Novice: 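My questions all concern the structure below.
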Amino acid sequence: MRGQRLFVRPIESGDREAIGAFLDANGAPGDAPACGLLGKLVGDLVGVVSMEIADDGLYVENVVVAHEMWRKRIGRFLLDEAARLAEKIDRDRLVVTEARGAEEFLRRVGFAEENGVFVRRVR
């Protein structure tokens, strides 16, 4: 991982099959998200962020990182990219409504709990 660059881009319709297989292999079965970001390292899919854009912010629905890549800062980097995207589209916050056991991680990457949801200000 050291010295390699994580390539992050928006999810495209042609990515659905690969993302579905990735999610199944990493304990998050389901359909590929319609909106989100994916991260590739040396051409291999290593992370997916599913999200929804709303008037009051960018809502992060799920962050999945390949098990062998945990603790390599990939989840943090993907959320940083989501924050940059939110800022570009004039949204002032990222919102996670269901932490599903990731509360400690979310706090480490700049989220704070507000009214039962985790929020990260981007401006």
Side-chain angles (χ1 to χ4, degrees):
M1 167 88 184
R2 191 173 290 276
Q4 299 173 359
R5 295 186 57 96
L6 182 67
F7 175 70
V8 178
R9 68 170 173 78
I11 293 173
E12 298 172 353
S13 59
D15 299 323
R16 290 183 120 17
E17 189 175 313
I19 291 173
F22 173 79
L23 294 175
D24 287 342
N26 289 285
D31 294 331
C35 180
L37 299 172
L38 63 81
K40 287 188 170 191
L41 190 61
V42 192
D44 294 328
L45 186 58
V46 295
V48 174
V49 175
S50 59
M51 60 187 147
E52 182 178 322
I53 299 169
D55 291 337
D56 63 339
L58 195 147
Y59 284 76
V60 176
E61 297 168 348
N62 202 1
V63 178
V64 179
V65 175
H67 292 293
E68 65 272 10
M69 292 292 164
W70 283 11
R71 307 195 76 66
K72 305 281 188 211
R73 302 176 62 93
I74 290 173
R76 175 185 298 264
F77 191 80
L78 287 169
L79 287 174
D80 287 347
E81 284 296 313
R84 282 190 274 284
L85 175 63
E87 195 168 1
K88 281 183 182 178
I89 61 173
D90 294 324
R91 303 305 188 272
D92 62 351
R93 64 192 193 138
L94 291 179
V95 180
V96 176
T97 56
E98 292 183 44
R100 297 184 215 135
E103 293 86 357
E104 182 181 328
F105 167 73
L106 291 171
R107 286 186 185 98
R108 276 196 322 262
V109 296
F111 285 82
E113 195 167 0
E114 295 179 11
N115 301 321
V117 298
F118 282 85
V119 177
R120 177 175 162 183
R121 302 282 173 199
V122 295
R123 296 185 215 201

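None of these values were measured; they are calculated from a predicted model.
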Novice: If I compare all heavy atoms of Val122 with all of Ala83, which pair ends up nearest, and what's the gap?
Specialist: CG1-CB, 3.5 Å
Novice: Find out if a path of hydrophobic residues (ILVMFWY) with successive side-chain heavy-atom gaps under 4.5 Å connects Trp70 to Phe77.
Specialist: yes
Novice: Does the pair Asp90 and Arg123 meet the rule for a side chain to side chain contact (heavy atoms under 4.5 Å, CB included), with working shown?
Specialist: CA-CA 10 Å; Asp90 294 324; Arg123 296 185 215 201; 3.5 Å; yes
Novice: Is Glu104 atom CD crowded by more than 12 heavy atoms from other residues, nucleotides or ligands, each under 6.0 Å away?
Specialist: no
Novice: Does one hydrophobic cluster hold both Leu41 and Ile19, with members joined at side-chain heavy-atom distances below 4.5 Å?
Specialist: no
Novice: For Arg100, is the CZ atom crowded, meaning more than 12 foreign heavy atoms sit under 6.0 Å from it?
Specialist: yes
Novice: Taking only distance into account, with no hydrogens and no angle test, what donor-acceptor pairs under 3.5 Å do side-chain atoms of residues 44-58 form with protein atoms, sequence neighbours excluded?
Specialist:
{"from": "Ser50", "atom 1": "OG", "to": "Asn62", "atom 2": "N", "distance (Å)": "3.2"}
{"from": "Asp56", "atom 1": "OD1", "to": "Tyr59", "atom 2": "OH", "distance (Å)": "3.2"}
{"from": "Asp56", "atom 1": "OD2", "to": "Tyr59", "atom 2": "OH", "distance (Å)": "2.8"}
{"from": "Asp56", "atom 1": "OD2", "to": "Arg93", "atom 2": "NH2", "distance (Å)": "3.1"}

Novice: Does some side-chain heavy atom of Pro33 sit less than 4.5 Å from a side-chain heavy atom of Ile11?
Specialist: yes
Novice: Would you call Asp15 and Lys40 a salt bridge, using N to O less than 4.0 angstrom?
Specialist: no
Novice: Let me see the working for Leu94 and Val96 under side chain to side chain contact (heavy atoms under 4.5 Å, CB included), right down to the final yes or no.
Specialist: CA-CA 7 Å; Leu94 291 179; Val96 176; over 6 Å; no
Novice: Do NZ/NE/NH1/NH2 and the carboxylate oxygens of Arg84 and Glu81 come within less than 4.0 Å?
Specialist: yes
Novice: Does the distance from a Lys or Arg side-chain N to an Asp or Glu carboxylate O, for Arg120 and Asp80, drop under 4.0 Å?
Specialist: yes
Novice: Spell out, as yes or no, whether a donor-acceptor pair under 3.5 Å connects the side chain of Asn26 to the backbone of His67.
Specialist: yes
Novice: Considering only heavy atoms from C-beta outward, does the side chain of Glu103 approach that of Glu113 to under 4.5 Å?
Specialist: no
Novice: Do Phe105 and Leu79 come close enough that some side-chain heavy atom pair is under 4.5 Å?
Specialist: yes
Novice: Please evaluate residues Arg107 and Phe118 with respect to the criterion side chain to side chain contact (heavy atoms under 4.5 Å, CB included), reporting the C-alpha separation (whole Å), side-chain torsions for both, the decisive distance (0.1 Å), and the verdict.
Specialist: CA-CA 8 Å; Arg107 286 186 185 98; Phe118 282 85; 3.9 Å; yes
Novice: Would Leu78 and Val64 show up in the same hydrophobic cluster when neighbours are defined by side-chain heavy atoms closer than 4.5 Å?
Specialist: no
Novice: According to a hydrophobic-cluster definition based on side-chain heavy atoms being under 4.5 Å apart (Ile, Leu, Val, Met, Phe, Trp, Tyr only), do Ile74 and Leu106 belong together?
Specialist: yes
Novice: Does the side chain of Leu38 come within less than 4.5 Å of Val8's, by heavy atoms?
Specialist: no
Novice: Could you give me the CA-CA distance, side-chain angles and deciding distance for Gln4 and Val42, then say whether side chain to side chain contact (heavy atoms under 4.5 Å, CB included) is met?
Specialist: CA-CA 8 Å; Gln4 299 173 359; Val42 192; 3.5 Å; yes
Novice: In terms of hydrophobic clustering (I, L, V, M, F, W, Y; side-chain heavy atoms under 4.5 Å; direct or indirect links), are Leu23 and Met69 co-clustered?
Specialist: no
Novice: Taking NZ, NE, NH1 and NH2 as the nitrogens, is one of them in Glu87 or Arg91 under 4.0 Å from a carboxylate oxygen of the other?
Specialist: no
